[in-house]
Amino acid sequence: MYKHILLASDGSENAVRAAKEAVKLASYDKESIIDVTYVIDFEKSKTDVLHSNSSEAIDVERRKKNSKVIQYLQDVNANFKTTILRGKPGPEIVKYADDQKVDIIVIGSRGLNTLQEMVLGSVSHKVMKRAHCPALIVK
């Protein structure tokens with residue numbers, strides 16, 4: 001069914017819920033792999049650098065953000081790998097999905113209301129609009 005599942009993760013509770021759905025999709029095919037993809041946002045990385053003592057501290061903080069998702073996948077013995085990208089999250093996820101020819105993108109929804117989404121946009125909405133493969137948004 002889906003051999004290469006891209007799980008877009010920011011480490012939030014919504015990402016953990018998305019991970020649960022990705023595991024369900026992967027359970028249909030023993031050869032499936034879940035590609036946990038985390039995008040380091042340029043805008044936020046500038047702030048991280050200014051408030052950090054070292055590049056190692058920044059790396060540790062970034063890994064901590066995704067630790068809940070990774071821990072869940074380890075607990076259920078899922079076949080997964082992690083990928084770290086740099087750039088704007090929406091476009092980078094779509095570009096990576098296209099380059100890797102993933103079968104489906106699974107992403108959590110941040111739960112913005114209509115006005116917030118219209119003004120701010122959301123990563124899941126941007127991915128859904130631009131993806132060339134199926135995408136599942138998990139609320």
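- Between the D103 side chain and the I5 main chain, no donor and acceptor come within less than 3.5 Å of each other.
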Only distances under 3.5 Å count here; give the side-chain donor-acceptor pairs of residues 18-25 to other protein atoms, sequence neighbours excluded, each with its distance to 0.1 Å.
residue, atom, partner, partner atom, Å
E21, OE2, K24, NZ, 3.0

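- With rounding to the nearest 0.5 angstrom, the OG atom of S124 is 9.0 Å from the CG atom of N14.
- Shown here for M1 and D29, the closest heavy-atom pair between the two residues is N-OD2, 3.7 Å.
- With T82 contributing its side chain and V36 its backbone, the two residues share no donor-acceptor pair below 3.5 Å.
- The shortest heavy-atom contact between D10 and A15 is OD1-CB, 3.7 Å.
- Here the closest non-hydrogen pair linking R86 and V39 is C-CG1, 4.4 Å.
- Atoms OH and CD1, on Y2 and I104 in that order, are 4.0 Å from each other to the nearest 0.5 Å.
- Taking CG of L7 as the start and CD1 of I34 as the end, the distance is 7.0 Å to the nearest 0.5 Å.
- Closest heavy-atom contact between E13 and K68: OE2-NZ, 3.0 Å.
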For this session: Step by step, work out the side-chain contact (heavy atoms from CB on, under 4.5 Å) result for R17 and K139.
Result: CA-CA 8 Å; R17 284 196 295 275; K139 282 198 131 230; over 6 Å; no
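- Under the 3.5 Å distance criterion, with hydrogens and angles disregarded, no donor-acceptor pair is assigned to the side chains of Y96 and T37.
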Exercise. How far apart are the C-alpha atoms of F80 and I70, what are their side-chain angles, what is the distance that settles it, and do they pass the side-chain contact (heavy atoms from CB on, under 4.5 Å) test?
Worked result: CA-CA 9 Å; F80 73 96; I70 301 301; 3.8 Å; yes
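- Here the straight-line distance linking atom NZ of K95 with atom CD of Q100 works out to 9.5 Å at 0.5 Å rounding.
- Across S9 and V69, no two heavy atoms sit closer than the pair OG-CG2, 3.5 Å.
- If you run side chain to side chain contact (heavy atoms under 4.5 Å, CB included) between I107 and each of V138, L6, V123, only V123 comes through.
- With rounding to the nearest 0.5 Å, the separation of CD1 in I105 from CE in M128 is 8.5 Å.
- Between N79 atom CG and S27 atom OG the span is 13.0 Å, to the nearest 0.5 Å.
- At a threshold of 4.5 Å between side-chain heavy atoms, the hydrophobic network of Ile, Leu, Val, Met, Phe, Trp and Tyr places I33 and V106 in two separate groups.
- Minimum interatomic distance between S109 and I137 (heavy atoms only, all atoms of both residues): CB-CG2, 3.6 Å.
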